[in-house]
Student: 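A single structure is presented below for examination.
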Amino acid sequence: MVAGLVGDDADGLSRRAFRILDAVLVIRADLVDEMVAHARRDHPLEACGQLTGPEGSDRAERYIPMTNTDAVSSDYAFDSREQLRVHRESEERGEEPVVVFHSHTRAPRRPLTDTGLPEAYPSEKDIQYMGLQPGVHFVIVALTGPDSGTDLRSFLLDEAGGVVEDEVAVVENYMFAHTGSDDVPDPGARS
Amino acid sequence: MSATVSIPTILRTHTGGEKQVKADGSTLQEVITDLEANHPGIKDRLVTDGALHRFVNVYVNDEDVRFAGGLDAQVPEGGTVTILPAVAGGR
């Protein structure tokens, strides 16, 4: 593990290239709570949304719930007009998508997991669409009901199109979420 | 007739990293043909068998062209064509 290199350069591109080798998603707890709450609210349909953050930062700042126009228990699709509005607003703010989120609500007839939850793993269709957004984390929340337990996992694709699972680090805030080898805040970060 | 085309990250390999490029044409079809002339390879990423690829959303100004004539959608002078990756999934 050479995770200490993450965040040591200001170049978003090399940071992204590096992250593929050692995939990590550092994410604020309140944003995780928003995704899980959305998944619970929309169950049994799949919920979807995106998290945006400053361009090149790989740091999610805002959760934007999206309308699922393919609203069945096994599929999701962003509303394309809503996606355009969000895209324009993000660009004006200097932000880009950092995470695309959706839920898995349909438990297979033959359980694949010890917990009985649907598998929080990208389907073939998920992977086809993930390939369009290199560097974006795809978070899946699996649940069986509005009050059930949940499983949250995050993935991205490497350059060869292979699925890489992120190590997910849930933090209270990003100020001390520096993933370097020491325990001091990034000197470049100002509150 | 000149339009501004907004290029998503995944297609910027075709535009030398540019986020926005100019292209001529009065329909989306013509704009894509002109894009291909200046940025070879981009057309195949957008069009399959004479129709827009399902993995991309293409907008003329504020309208998703799937609801506005597809490749025959009119592109007004000074209009904006925005290309975004479609976001979907499921089993």
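Within every chain, numbering begins at 1; the chains are lettered A, B, ... in the order of the sequence lines, protein sequences first and strands thereafter.
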Student: Name the region of A:Arg88, side chain, backbone, both or neither, that has any atom closer than 4.5 Å to a heavy atom of chain B.
Tutor: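 When you check distances to chain B, only side chain atoms of A:Arg88 fall under 4.5 Å.
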Student: Within the 4.5 Å heavy-atom criterion, are B:Val87 and A:Gln50 side-chain neighbours or not?
Tutor: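 No, too far: nothing below the 4.5 Å cut-off.
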Student: Would you say A:Tyr129 ends up clustered with A:Phe78 if hydrophobic residues are merged whenever their side chains have heavy atoms under 4.5 Å apart, either directly or through other cluster members?
Tutor: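 Not linked; separate clusters.
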Student: Going by residue number, which parts of residues 25-47 of chain B are within reach of chain A, meaning a heavy-atom gap below 4.5 Å?
Tutor: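 So far as heavy atoms go, nothing in residues 25-47 of chain B approaches chain A to under 4.5 Å.
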Student: Does A:Leu117 belong to the same Ile/Leu/Val/Met/Phe/Trp/Tyr cluster as A:Leu45, with side-chain heavy atoms less than 4.5 Å apart forming each link?
Tutor: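 Shared cluster, no.
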Student: Is B:Lys19 salt-bridged to A:Glu55, going by a charged N under 4.0 Å from an acidic O?
Tutor: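 A salt bridge links B:Lys19 with A:Glu55.
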Student: Restricting to non-hydrogen atoms, name the atom on B:Ser6 and the atom on A:His87 that form the minimum distance, rounded to 0.1 Å.
Tutor: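 Of all heavy-atom pairs spanning B:Ser6 and A:His87, the closest is OG-NE2, 4.3 Å.
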Student: Under a 4.5 Å cutoff for heavy-atom pairs, which residue among A:Leu132, A:Val100, A:Asp70 has the most contacts with chain B?
Tutor: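 Most pairs with chain B among the choices: A:Leu132.
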Student: Could you pull out the closest heavy-atom pair between A:Ser80 and B:Tyr59, with the gap in Å?
Tutor: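 Between these two residues, the closest heavy atoms are O-OH, 2.5 Å.
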Student: In terms of hydrophobic clustering (I, L, V, M, F, W, Y; side-chain heavy atoms under 4.5 Å; direct or indirect links), are A:Tyr121 and A:Tyr76 co-clustered?
Tutor: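 A:Tyr121 and A:Tyr76: one cluster.
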Student: Which heavy atom of A:Gly131 sits nearest to which heavy atom of B:Ile10, and what is that distance?
Tutor: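 In terms of heavy atoms, the two residues are closest at O-CD1, 3.2 Å.
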Student: Give the member of A:Gln133, A:Gln83, A:His102, A:Glu91 that has the highest number of heavy-atom pairs under 4.5 Å with chain B.
Tutor: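 Ranked by heavy-atom pairs under 4.5 Å with chain B, first place is A:Gln83.
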Student: Any link between A:Val136 and B:Phe55 through a network of hydrophobic side chains (Ile, Leu, Val, Met, Phe, Trp, Tyr) touching at under 4.5 Å?
Tutor: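 Different clusters.
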Student: Should we count CD of A:Glu172 as having more than 12 external heavy atoms under 6.0 Å?
Tutor: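 Counting other residues, nucleotides and ligands, CD of A:Glu172 stays at 12 neighbours or fewer.
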Student: Could you look at B:Arg66 and say if it's the side chain, the backbone, both or neither that has a heavy atom under 4.5 Å from chain A?
Tutor: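 Looking at B:Arg66, nothing touches chain A.
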Student: Taking only heavy atoms into account, what residues of residues 31-41 of chain A are found under 4.5 Å from chain B?
Tutor: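 No residue falls under the 4.5 Å cut-off.
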Student: Is it true that A:Leu143 and A:Val168 fall in one hydrophobic cluster, defined by side-chain heavy atoms closer than 4.5 Å?
Tutor: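 As far as the 4.5 Å side-chain criterion goes, A:Val168 and A:Leu143 are not connected within one cluster.
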Student: Measuring from A:Leu84:CG to B:Leu84:CG, what's the distance to the nearest 0.5 Å?
Tutor: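 A:Leu84 atom CG to B:Leu84 atom CG measures 6.0 Å (nearest 0.5 Å).
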Student: Checking A:Ser123 side chain against B:Gly90 main chain: does a donor-acceptor pair fall under 3.5 Å?
Tutor: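 Indeed, once roles are kept as given, a pair shorter than 3.5 Å links the two residues.
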